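Here is the structure we will look at, set down as structure tokens.
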Amino acid sequence: MVMQSTSDDTLPPTRPADAARGRVPALGARVGQSRWTGLLLVLALLGLWELSARFWVDSANWPPFSRVVMALFEEGTGRELFFVFAASLRLMLTGFVIGAGLGIALGVAIGLNRFLREMLSPMVELLRPLPVPGLVPPLILLLGIDAAMKGTVVAFAVLFPVLINTAQGVRAVEPTLLDTARTFRHGRARSILAVILPASLPYIFSGLRISLALALIVTVVAEMIAGGTGIGYYLMTMQYAMRSAEMYAAVVLLAVTGYALNFIIVSVERRVLRWYFAQQD
Amino acid sequence: MRQFAKSAFIAAAAALTALPAAAQDLTTLRVSIIPIIDIAPLQIAMTKGFFEEEGIEIDTTPTAGGAVGLPALASGAVDVTFSNSVSIALGAAQGLGFKVIAAGSFTGKEAPDIAAIVAKPDAGIKTGADLDGKKLAVNTRNNVIWLYANAWVDATGGDSSSVTYLEVPFPQMLDAIDGGQVDAAFLVDPFLNAGVSGGAVEVAGYPYNTIQSEIPIGMYAVTEDFLADNPDVVDSFVTAYNKGVDWANDNAGSDEWNEIVSGYTRLPAERLAGLDIPPFHKVVDPEALQPTMDLMLKYGLLREEMEASSILADSVLAK
């Protein structure tokens, strides 16, 4: 379920130009311009939340937003949430780095080598749509219920968007660039590092950005299913303890964290790919 | 100089090896738990140092749902798992070799019980017959709740096969009733207490009590292999755990009891105070467990008859 959302973002390898065009005006470029109207909408919805909880919805599971904010600033809760989020982010980043590293390496290999592409594509397409909750029980048998299992699940989720985008990027490298590399008598390794990887970076970054959001979601889902740490476990515990204000405090923080992570990766992307965006404009 | 370096090295090595030696005095057991009131004796035994007295250190691995505890036990990721009779029996029937070593939680002796089928006050649902063709919320299909919901519907004049069972997590059941997505729900404490005391729902019946008084539900299981390899450790675990049972029963409702239980369940103290918690037990009588096995056969969870005694280790039987 979680994984399927990637399929819309990763276009088939035959249309690299569309993929490139589609991603440029996405989130990153417009964050600055839409900040105020966007913020207004968020504030309006939070106001609606407050009003609905006070006047229309009578449920212990729907506390007013103001109570959620108060819970966030209660001393014990704030401190606990800091450690809860630190544990989850650590797990998420570990899985992300492993999954992204593997994804880039495999993506380059698949992009360059037709034999590998034909051999691995069916398997990638078969594994890619598997939902995380379905993966957890068999993985428990192999890896237990701790960080090793959850990190693997996160890495697995991260792997495919990065792999597919990287492979696409590698195949979209302009032949003239490769010819030039050949003219300069670059060896294969040097061609990959100095020409192919930099030229594929716009694609790789788009894969990384999709994966980072996925990694956070998958981390929380895995923590909800197994183990006693992190955001997912906190959400479940507070829900079962009938402390919905604390639960939503974690949800609000989770939203802010997701926003911050995207902001960071978009900033890095714009910095690293300045040449690329200059070309596009 | 060289001599000094050598003796310093030896001293350092000795210090390093001495550390684990001290820790080795305690055997560490990894226990998969669900942070609910049912595991109070375990938490009490940990807090009060009963396990240490028996030379055991408990490393709990909490999981929010019970579904991963038994796969983790089967794979050896944990040594002991707290689960329910139905799930343990299902695993045993699949040849996973689960054995119950200690009793966990029982249902109440008489109504009102810790779990009930509830509906809106004006819905007119009082018996299983009133549920014919209706929708009933259970937390998970094919588990102990689902099993006793079926049994209650049939025992009170209804037809369980005409009821639609919908999976709804306990925390959302009251909302599902309020919103009309389900006609009734099999609710447990603390949600049952919250819903009834708030007037949102009324009790239609107590399925466990209706079928049988004091049903063993929650229990601690190990694998046969672990039991065969570590009989002394298991004995020590059970001895310490049973001390926790005695303490839990003797001190139920005390401030310390409330502090320990609200500490790991995270339940606010005022919620906990409103609950009526049945006493904990040390022994599971095979005859008290057998009806559950028979119901599992009747409702298709088991393919062939199962003797309750086949999943009970000596440590949980009456001496």
Side-chain angles (χ1 to χ4, degrees), chain A residues 52-53 56-63 71 74 76-77 80-81 84 87 132-150 152-153 220-250, chain B residues 30-37 59-79 81 96 139 168-179 188-195 197-200 261-272 274-275:
Chain A
S52 68
W56 309 312
V57 184
D58 182 25
S59 165
N61 291 325
W62 191 237
E74 256 168 50
T77 315
E80 183 179 9
L81 279 172
V84 164
V132 168
L135 281 176
V136 169
L139 277 179
I140 287 173
L141 291 176
L142 297 170
L143 298 168
I145 50 182
D146 293 328
M149 184 276 287
K150 284 180 275 186
T152 306
V153 174
V220 174
V221 170
E223 287 167 343
M224 280 179 160
I225 301 172
T229 54
I231 304 164
Y233 180 72
Y234 183 88
L235 291 175
M236 295 292 279
T237 309
M238 286 305 152
Q239 202 184 2
Y240 277 82
M242 306 184 80
R243 292 166 68 169
S244 53
E246 281 91 342
M247 190 197 87
Y248 279 109
Chain B
R30 294 201 61 184
V31 183
S32 165
I33 58 162
I34 314 168
I36 53 177
I37 298 170
D59 176 12
T60 58
T61 306
T63 57
V68 299
L70 289 173
L73 182 67
S75 73
V78 297
D79 304 314
T81 286
L96 296 175
N139 68 328
V168 181
F170 288 127
Q172 272 74 51
M173 281 184 180
L174 288 170
D175 289 343
I177 290 179
D178 189 50
V188 300
D189 274 337
F191 307 103
L192 171 63
N193 183 275
S197 63
V261 175
S262 71
Y264 74 85
T265 59
R266 312 303 301 273
L267 277 173
E270 65 272 16
R271 287 248 180 255
L272 201 53
L275 302 181

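Quick note on labels: first sequence line is chain A, next is B, and so on, each numbered from 1. Owing to the predicted nature of the structure, the values given are computational and were not obtained by experimental measurement.
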Can you find a pair of side-chain heavy atoms, one from A/Tyr240 and one from B/Pro169, that are under 4.5 Å apart?
->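 Answer yes - side chains close enough.
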Using a 4.5 Å cut-off on heavy atoms from C-beta on, say whether the side chain of A/Met242 contacts that of B/Pro268.
->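 They are not in side-chain contact.
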For A/Met149, is it the side chain, the backbone, both, or neither that has a heavy atom closer than 4.5 Å to a heavy atom of chain B?
->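 Answer is neither: A/Met149 stays 4.5 Å or more from chain B.
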What's the shortest heavy-atom distance between A/Arg243 and B/Arg266, and which atoms?
->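 Minimum heavy-atom separation between A/Arg243 and B/Arg266: NH1-O, 2.8 Å.
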Which heavy atom in A/Gly144 sits nearest to a heavy atom in B/Ala77, and how many Å separate them?
->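 The answer is CA-CB, 3.6 Å.
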To the closest 0.5 Å, what do you measure between [atom1] ([X]) and [atom2] ([Y])?
X: A/Asp58; Y: B/Asp175; atom1: CG; atom2: CG; answer: 9.5 Å
X: B/Leu70; Y: A/Ile140; atom1: CG; atom2: CD1; answer: 10.5 Å
X: A/Asp146; Y: B/Thr61; atom1: CG; atom2: OG1; answer: 6.0 Å
X: B/Ser75; Y: A/Leu139; atom1: OG; atom2: CG; answer: 11.0 Å

Could you look at B/Leu267 and say if it's the side chain, the backbone, both or neither that has a heavy atom under 4.5 Å from chain A?
->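 Looking at B/Leu267, backbone and side chain both touch chain A.
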A/Asn61 side chain vs B/Pro171 backbone, donor-acceptor pair below 3.5 Å =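 A pair under 3.5 Å: yes.
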